[in-house]
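Both counts, for ligands and for their atoms, begin at 1 and track the order of listing.
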Amino acid sequence: MEVRARAPGKIILSGEHAVVHGSTAVAASIDLYTEASLKISTDSDWSDGLLKLHLKDLGLQFSWPTEKIKEALPGPCIPLPPPTCSLESMKSLAFLVEDQNIPEANFGLAAGVSTFLWLYTSVHGFKPATAIVTSSLPFGAGLGSSAAFCVAVSASLLALSDLVNLDQNKKGWQPFQENELELVNKWAFEGEKMIHGKPSGIDNTVSTFGNMIMFKSGQLTLIKPSMPLRMLITNTKVGRNTKALVASVSERTMRHPEAMASVFTAVDSISKELSTIVQSPAPDDLTVTENEEKLQELMEMNQGLLQSMGVSHTTIETVLRTTLKYKLASKLTGAGGGGCVLTLLPALLAGTIVDKVITELESCGFQCLIAEIGGKGVEVSFSSSS
Ligand SMILES: Nc1ncnc2c1ncn2[C@@H]1O[C@H](COP(=O)(O)OP(=O)(O)OP(=O)(O)O)[C@@H](O)[C@H]1O
Ligand SMILES: C[C@@](O)(CCO)CC(=O)[O-]
Ligand SMILES: [Mg+2]
């Protein structure tokens, strides 16, 4: 039996970083996915005794003799809740990954590869298997590539375990049940911890459950927008690392606890107001426009606070200035420091203006896309393998 699991990326409409410190944040899934397919060997005669990971878009293949992994790691941990990877196991994983000679240009991948090994062995022990991962999300750009990877991998592992009850004969994509989604989310969170250091859990939660959510201290509330929300996403293509940016905000918080507490409180208010506006009735164009103007102002305020946390970047400022020329408000999304910027595109904005903004942004070397937001969360699809 072979399973495929796909998990969406996300945008954060408000509250990144502050959410790590207990503030409310609002996020939505986007229609860009990471897909993990998994085939576990059941026939020991046929098996080559290897655990293989193929990162197809990058053209990278890794493999480990399962006997070697067995010597290094503790193995299956099916009991709930999922275990956190110990420091000792982290070190063993680093050795197993180092052996694979990841090209220097893809060095950040080591964290993702370690995470795969940890999640796989925690659920399935030392059985030989092949996993193939593909993604349409840019890596390390603020669109939740790490969370989508952790959710897709966790979902594929759990789908082939006794812990969930899916219909393996059903054709096409199928969702998990609510309690199973919670389990996928918990495993994915353990993975995110290995990549992010101290994640809030918002990225894996929105990738697992999809839709638009309000998130605070590990708790999610579903949001049902009552107005159209169109966002232009601009990728500055400046690479950055969420773990380092989250750590830098924590260091600033230690240096200026009171000032930063005020910043986080202000972000909390912005996220709450944003979620109220998005859900308030908008029966006509005039109300939609009024609500959009309020959202634009809140985005600008949130961006100002993100600047004060130290996570903006000159390229982000260029996007802000460029979109402002067209009276459009923008803010960074995700961890910042480069990566992606969101620009609200009002419902009545002429297509010609959108085209002009995109042309101008792309002439700066940025990449633009308009994603569908608030779609489905993680899903799986079974096929009988030959
Ligand atoms: N498809 C993938 N295969 C393997 N590793 C991946 C994959 N996608 C993401 N990763 C891991 O996640 C890391 C990027 O995660 P990071 O949290 O820094 O950025 P992001 O998740 O794209 O942005 P943000 O956290 O701001 O939303 C990569 O360096 C890699 O270790
Ligand atoms: C920067 C951050 O707030 C969002 C990254 O998408 C980190 C997190 O919440 O885990
Ligand atoms: Mg991430």
**Q** Show which atoms of ligand 1 fall inside a sub-4.0 Å distance from at least one heavy-atom site of D203.
**A**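 It comes down to these atoms of ligand 1: 25 (O), 27 (O).
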**Q** Would you mind checking which non-hydrogen protein atom is closest to atom 19 (O) of ligand 1, with the distance to 0.1 Å?
**A**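 For atom 19 (O) of ligand 1, the nearest protein heavy atom is G140 CA, 3.2 Å.
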**Q** Less than 4.0 angstrom from a charged side-chain N to a carboxylate O is my criterion; do K331 and E16 meet it?
**A**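 Yes, K331 and E16 are salt-bridged.
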**Q** Salt bridge (Lys or Arg N to Asp or Glu O under 4.0 Å), that's the test. Do E88 and K91 meet it? Break it down for me.
**A** CA-CA 5 Å; E88 202 185 325; K91 280 188 201 150; over 6 Å; no
**Q** Just going by heavy-atom distances, which of H196, R240, E16, M194 is nearest to atom 26 (O) of ligand 1?
**A**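 It is R240 whose heavy atom sits nearest to atom 26 (O) of ligand 1.
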**Q** Checking a contact table here: which protein heavy atom is nearest atom 9 (C) of ligand 1, and how many Å away?
**A**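 Closest protein heavy atom to atom 9 (C) of ligand 1: S145 OG, 3.3 Å.
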**Q** Keeping the roles fixed (side chain from S226, backbone from V278), state whether a donor-acceptor pair exists under 3.5 Å.
**A**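 Flag set: sc S226 to bb V278 pair under 3.5 Å.
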**Q** Only one of L328, L342, V341, T318 passes side chain to side chain contact (heavy atoms under 4.5 Å, CB included) with T323; say which it is.
**A**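 Option passing the side chain to side chain contact (heavy atoms under 4.5 Å, CB included) with T323: L328.
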**Q** Do you know which two heavy atoms are closest between P8 and S207, and how far apart they sit?
**A**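 Shortest heavy-atom separation between P8 and S207 comes out as O-OG, 2.8 Å.
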**Q** Is there a donor-acceptor pair closer than 3.5 Å between any side-chain N or O of N106 and the backbone N or O of L109?
**A**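 No, N106 side chain to L109 backbone: no donor-acceptor pair under 3.5 Å.
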**Q** Is it the side chain, the backbone, both or neither of A141 that has a heavy atom closer than 4.0 Å to ligand 1?
**A**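 A141 to ligand 1: backbone contact only, side chain stays beyond 4.0 Å.
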**Q** Based purely on interatomic distance, does G142 place a nitrogen or oxygen under 3.5 Å from a nitrogen or oxygen of ligand 1?
**A**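 Min N/O separation from ligand 1 is below 3.5 Å for G142.
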**Q** In the protein, which heavy atom is nearest to atom 18 (O) of ligand 1, and how far is it?
**A**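 I find the closest protein heavy atom is T242 N, 3.1 Å.
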**Q** Do L13 and L222 sit in one hydrophobic cluster, given that two such residues count as connected whenever their side-chain heavy atoms are within less than 4.5 Å of each other, even indirectly?
**A**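 The answer is no; the residues belong to distinct hydrophobic clusters.
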**Q** I'd like to know if the side chain of R240 reaches the main chain of G336, judged simply by a donor and an acceptor atom lying under 3.5 Å from each other, with no hydrogens or angles considered.
**A**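 It does hold such a pair.
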**Q** Which atom pair, heavy atoms only, marks the closest approach of L160 to L38?
**A**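 Minimum heavy-atom contact is CD1-O, 3.7 Å.
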**Q** Give a yes or no answer on whether the side chain of Q303 reaches the backbone of L332 with a donor-acceptor pair at less than 3.5 Å.
**A**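 Such a contact is found between Q303 side chain and L332 backbone.
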**Q** Give the residue, atom name and distance (to 0.1 Å) of the protein heavy atom nearest atom 29 (O) of ligand 1.
**A**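 Here the closest protein heavy atom is G108 O, 3.1 Å.
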**Q** Check ligand 2 for N or O atoms under 3.5 Å from a protein N or O and list each pair with its distance.
**A**
| unit_1 | atom_1 | unit_2 | atom_2 | d |
| --- | --- | --- | --- | --- |
| ligand 2 | 3 (O) | H17 | N | 2.8 |
| ligand 2 | 6 (O) | K10 | NZ | 2.7 |
| ligand 2 | 6 (O) | D203 | OD1 | 3.2 |
| ligand 2 | 6 (O) | D203 | OD2 | 2.6 |
| ligand 2 | 9 (O) | S200 | OG | 2.6 |
| ligand 2 | 10 (O) | S200 | N | 2.9 |

**Q** Residue-level breakdown please: for D57 versus ligand 1, do any non-hydrogen atoms fall below 4.0 Å on the side chain, on the backbone, on both, or on neither?
**A**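 No part of D57 comes within reach of ligand 1.
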**Q** Got a donor-acceptor contact below 3.5 angstrom from the S154 side chain to the V151 backbone?
**A**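 Not a single qualifying donor-acceptor pair exists.
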**Q** Any idea which protein heavy atom is nearest atom 6 (C) of ligand 1, and the distance to it?
**A**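 For this ligand atom, the closest protein heavy atom is F149 CG, 3.9 Å.
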**Q** Can you confirm whether I373 sits close enough to K10 that some side-chain heavy atom of one is under 4.5 Å from a side-chain heavy atom of the other?
**A**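 Side-chain contact under 4.5 Å: no.
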**Q** Report yes or no: does N211 contribute a side-chain atom to a donor-acceptor pair with the main-chain N or O of F209 at less than 3.5 Å?
**A**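 Yes, because the side chain of N211 sits within donor-acceptor range (under 3.5 Å) of the backbone of F209.
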**Q** I'd like to know if the side chain of Y120 reaches the main chain of A131, judged simply by a donor and an acceptor atom lying under 3.5 Å from each other, with no hydrogens or angles considered.
**A**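 No; zero donor-acceptor contacts below 3.5 Å.
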**Q** Name the option, out of G239, A27, S146, that contains the heavy atom nearest to atom 10 (N) of ligand 1.
**A**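 Result: the heavy atom closest to atom 10 (N) of ligand 1 is in S146.
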**Q** Can a donor-acceptor pair be found between the side chains of S271 and T24 at a distance below 3.5 Å?
**A**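 No, because no side-chain N or O of S271 sits under 3.5 Å from a partner of the opposite role on T24.
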**Q** Out of V267, L298, L274, which residue meets the side chain to side chain contact (heavy atoms under 4.5 Å, CB included) rule with S14?
**A**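 Result for side chain to side chain contact (heavy atoms under 4.5 Å, CB included) with S14: L274.
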**Q** Sort by chain and number the protein N/O/S atoms found under 2.8 Å from the Mg ion (ligand 3).
**A**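 N, O, S partners closer than 2.8 Å: S146 OG, H196 NE2.
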**Q** Distance to 0.1 Å, residue and atom name: give those for the protein heavy atom nearest to atom 13 (C) of ligand 1.
**A**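 Ranking protein heavy atoms by distance from atom 13 (C) of ligand 1, first comes I195 CG2, 3.9 Å.
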**Q** What atoms in ligand 1 come closer than 4.0 Å to a heavy atom of G112?
**A**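 Listed by number with element: 5 (N), 31 (O).
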**Q** Considering the heavy atoms of G334, write down every atom of ligand 1 situated less than 4.0 Å from one of them.
**A**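 Checking each atom against G334, I get 26 (O).
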**Q** For ligand 1, which atoms sit closer than 4.0 Å to a heavy atom of V133?
**A**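 With V133 as reference, the close atoms of ligand 1 come out as 1 (N).
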**Q** Could you identify the single nearest non-hydrogen protein atom to atom 27 (O) of ligand 1 and state the distance to 0.1 Å?
**A**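 Minimum-distance protein heavy atom for atom 27 (O) of ligand 1 reads K10 NZ, 2.6 Å.
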**Q** Write out the residue and atom name of the closest protein heavy atom to atom 5 (N) of ligand 1, then the distance separating them to 0.1 Å.
**A**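 Result: L109 CD2, 3.5 Å.
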**Q** Check this for me, if you would: do K325 and E360 make a salt bridge, where the nitrogen-to-carboxylate-oxygen distance has to be below 4.0 angstrom?
**A**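 The answer is yes: the pair qualifies as a salt bridge.
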**Q** Near A335, which atoms of ligand 1 are under 4.0 Å from a heavy atom of that residue?
**A**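 Answer, ordered by atom number: 26 (O).
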**Q** Quick check: closest heavy atoms across G112 and I195, and the distance to 0.1 Å?
**A**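 Answer, listing the atom of G112 first, then I195: CA-CD1, 4.1 Å.
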